[in-house]
Amino acid sequence: MEVATMAWTAAVAGVGLVYWFVWVMGAAEVKGKRAVDLKMGSITRDKVQDKYTQYWSFFRRPKETATTAASAEKVPAFVDTFYNLVTDIYEWGWGQSFHFSPSLPGRSHRDATRVHEERVADLLGARPGHRLLDVGCGVGGPMRAIAAHSGSDVVGITINEYQVNRARAHNRKAGLDAPRCEVVCGNFLAMPFPDASFDGAYSIEATCHAPRLQDVYGEVYRVLKPGGLYVSYEWVTTSLYRADDPDHVECIHGIERGDALPGLRRQDEIASVAREAGFEVLKEQDLALPPALPWWTRLKMGRVAYWRNSLVVRVLTVLRIAPKGVCEVHEMLYETAQHLTRGGETGIFTPMHMVLLRKPAAAAATAAEEAK
């Protein structure tokens, strides 16, 4: 009996090891990143814990981070820190597109993501010969999908240098290297591009990191050619949100704290900000509303899955494969996922309020007159 028990235990352990390395660790080809490669961006191993503590201290009261010019000026640096902390974990558990999308019946999350990205290209009327700007490109998942779908050349900008290197590596691997897909490290509040240098532009759940949306929209307006289109998927609170409801407030603050947001904007503010920047508003739609299926289903991680991932991270930390501080970042992201799920289920939050904007063709004539 003892021999049988030992054999059974060994068999279970063997199956567990196979499951660990094949399904938990995953293949970089599929998940974009393996658990053993959680390096926390360009932060040195001995600084990860400190950087996480500094980030959490700054964003623990989200609404206060953009109330003064001094604090607002610090936001880009802390957003950069945030993406150093989370990029590897995002790629490990999510893939190369750091955004949500409506679920599609009988289709995978990857398919739903691709359809959501290709919608951007279709809204822009993108085609070969066009030069598009990806405002806040991350590691370039949307960029590659849009370039492949439309035949356009795409230039992405991200504040995080580690993401630039990851995006370029993915571009080369996909056969979509420059000039099809280029990546620039920079701040989308002050972009290093000449005026009127892009045929179209888009941002997918990226401008929420800006202290003032007006500043991002103003920069996009500047670099677009007259008549050029801009599509943005915005993170916003909806009309169902009640500032006097403690549960609502905690949910939204939880989203802001865990996603490096200096305060979510209201849904009804977006169009007016766009007009203030000079854009014509052609279309405005919450892509999360029915008949769209829930976007938050990907976040509904069960307790077993959570403890499995948590165990992986803890073991890698104990073995010093992952740096100290990764456990705290993983826990932060898990808690944030709960707030995001709650926001979606209650309808007080949407990550995909879509606006289609156009820089007036008359802007060319106005600019010419001002230059005289």
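FYI, side chains are in, hydrogens and waters are out, and symmetry mates aren't considered; it's all heavy atoms of this structure.
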Handout entry: D153 side, atom CG; F198 side, atom CZ - distance, nearest 0.5 Å
Key = 10.5 Å

Problem - Test side-chain contact (heavy atoms from CB on, under 4.5 Å) applied to V329 and V86, step by step - result: CA-CA 7 Å; V329 176; V86 306; 4.1 Å; yes

Exercise for the section: Indicate the ring-plane relationship of F100 and W235, choosing parallel, tilted or perpendicular according to the 30° and 60° boundaries. Expected result: tilted

Handout entry: Verdict with supporting geometry, R166 and E161, salt bridge (Lys or Arg N to Asp or Glu O under 4.0 Å)
Key = CA-CA 9 Å; R166 291 295 297 164; E161 187 174 1; over 6 Å; no

Exercise for the section: Please round to the nearest 0.5 Å and tell me the distance separating atom CG of L85 and atom CE of M40. Expected result: 7.0 Å

Exercise for the section: Could you grab the distance from atom SG of C137 to atom CD1 of I146, nearest 0.5 Å is fine? Expected result: 11.0 Å

Exercise for the section: Answer yes if the side chains of Q96 and R144 hold a donor-acceptor pair under 3.5 Å, and no otherwise. Expected result: yes

Practice task
Would you give the length of the straight line joining atom CG of L229 to atom CG of L132, rounded to the nearest 0.5 angstrom?
Solution key: 10.0 Å

Problem - T113 side chain to S97 side chain, donor-acceptor N/O pair below 3.5 angstrom - result: no

Practice task
For the residue pair Y202 and D134, establish whether any side-chain heavy-atom pair is separated by less than 4.5 Å.
Solution key: yes

Problem - Ion pair D88/K39, N-O distance below 4.0 Å - result: no

Exercise for the section: Could you tell me whether R314 and E331 have a side-chain N and a carboxylate O separated by less than 4.0 Å? Expected result: no

Handout entry: Non-hydrogen side-chain atoms of V313 and S310 separated by less than 4.5 Å
Key = no

Problem - Near-ring test Y55/F78, centroid separation under 6.0 angstrom - result: no

Exercise for the section: Give a yes or no on whether a salt bridge exists between D199 and R131, defined as a side-chain N under 4.0 angstrom from a carboxylate O. Expected result: no

Fill in the blank from the handout: Value for CG (D286) from OH (Y233), rounded to nearest 0.5 Å, stands at 11.5 Å

Handout entry: Polar contact flag, side-chain donor to acceptor under 3.5 angstrom, Y230-S203
Key = yes

Practice task
Supply the atom-to-atom distance D259 CG to E205 CD, rounded to the nearest 0.5 angstrom.
Solution key: 9.5 Å

Exercise for the section: Indicate whether the side chain of H353 and that of Q267 have a donor and an acceptor atom separated by less than 3.5 Å. Expected result: yes

Practice task
Ignoring hydrogens and angles, state whether a donor on the side chain of N160 or T158 is under 3.5 Å from an acceptor on the partner side chain.
Solution key: no

Problem - R45, CZ atom: more than 12 neighbouring heavy atoms under 6.0 Å - result: yes

Handout entry: Pair D215 + R212, salt bridge at N-O below 4.0 Å
Key = yes

Problem - Exercise: do R342 and T346 side chains pair donor with acceptor under 3.5 Å - result: no

Problem - Note: R242-D244 ion pair, threshold 4.0 Å (strictly below) - result: no

Exercise for the section: State, without any angle test, whether H149 and E117 hold a side-chain donor-acceptor pair at a distance under 3.5 Å. Expected result: no

Practice task
Test H209 against Y83 for ring pair (Phe, Tyr, Trp, His ring centres under 6.0 Å), laying out the working first.
Solution key: CA-CA 11 Å; H209 293 299; Y83 279 111; 5.3 Å; yes

